[in-house]
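Since the structure comes first, as structure tokens, the remarks are kept for the end.
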Amino acid sequence: TTSDVYACSKAISACVRTAQCQQGLEILAQMEAFGPEPNIVTYNAAARACAKGQLWQKAFDVLPAVEGKGLRPDAVTCGAVLGACPTDDKWTCVLQCLRFLCM
């Protein structure tokens, strides 16, 4: 139900705030496997978890997952993914993100 998705999204966000980023990603994996179906808010929270945990490669994995669910990344998604990019390679990350969005 919608309330279950909301509760799971809030749980992922709470993991980000408490520096338990890997646990947030595990919640998303459980949702993808068993339900409830994640929405864009859920994926945005997961992307923020990746950014907080400096897991930029996993942050980029959020983009195809969003597309695979028939969703479109929004400004929050892109901002979180780009926020996860290492500073010394920010332009490469931006170009990869733009390539994905233009497909």
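Keep in mind it's a predicted model, so treat the numbers as computed, not measured.
Considering all non-hydrogen atoms of both residues, Ala46 and Leu25 come closest at O-CD2, 3.8 Å. Contact detail for Asn44 and Ala80: the closest heavy-atom pair is O-CB, 4.4 Å. When all heavy atoms of Val81 and Ala47 are compared, the pair lying nearest together is CG2-CB, 4.3 Å. Looking at every heavy atom in both residues, Val5 comes nearest to Asn39 through CG1-ND2, 3.4 Å. Residues Ile12 and Gly24 approach most closely at CG1-O, 3.5 Å, considering heavy atoms.
How far CD of Gln20 is from CD1 of Ile27: 10.0 Å, rounded to the nearest 0.5 Å. To the nearest 0.5 Å, the span separating OG1 on Thr2 from CD on Glu37 amounts to 12.0 Å. Here Thr42 contributes atom OG1 and Lys69 contributes atom NZ; the two are 10.5 Å apart, rounded to the nearest 0.5 Å. Rounded to the nearest 0.5 angstrom, Thr77 OG1 and Tyr43 OH are separated by 11.0 Å. Atoms CZ and NZ, on Arg17 and Lys52 in that order, are 10.0 Å from each other to the nearest 0.5 Å. Between the CG atom of Leu55 and the CG atom of Asp61 there is a distance of 10.0 Å, given to the nearest 0.5 Å.
At least one side-chain heavy atom of Pro73 sits less than 4.5 Å from a side-chain heavy atom of Leu63. In this structure, the side chains of Arg48 and Val76 come closer than 4.5 Å at one or more pairs of heavy atoms. The shortest distance between side-chain heavy atoms of Cys21 and Cys50 does not fall below 4.5 Å.
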With side chain to side chain contact (heavy atoms under 4.5 Å, CB included) as the test, would you mind laying out the steps for Trp91 and Cys85 before giving the verdict?
CA-CA 9 Å; Trp91 279 109; Cys85 294; over 6 Å; no
Trace of the side chain to side chain contact (heavy atoms under 4.5 Å, CB included) decision for Arg72 with Val66
CA-CA 7 Å; Arg72 288 287 299 155; Val66 166; 5.8 Å; no
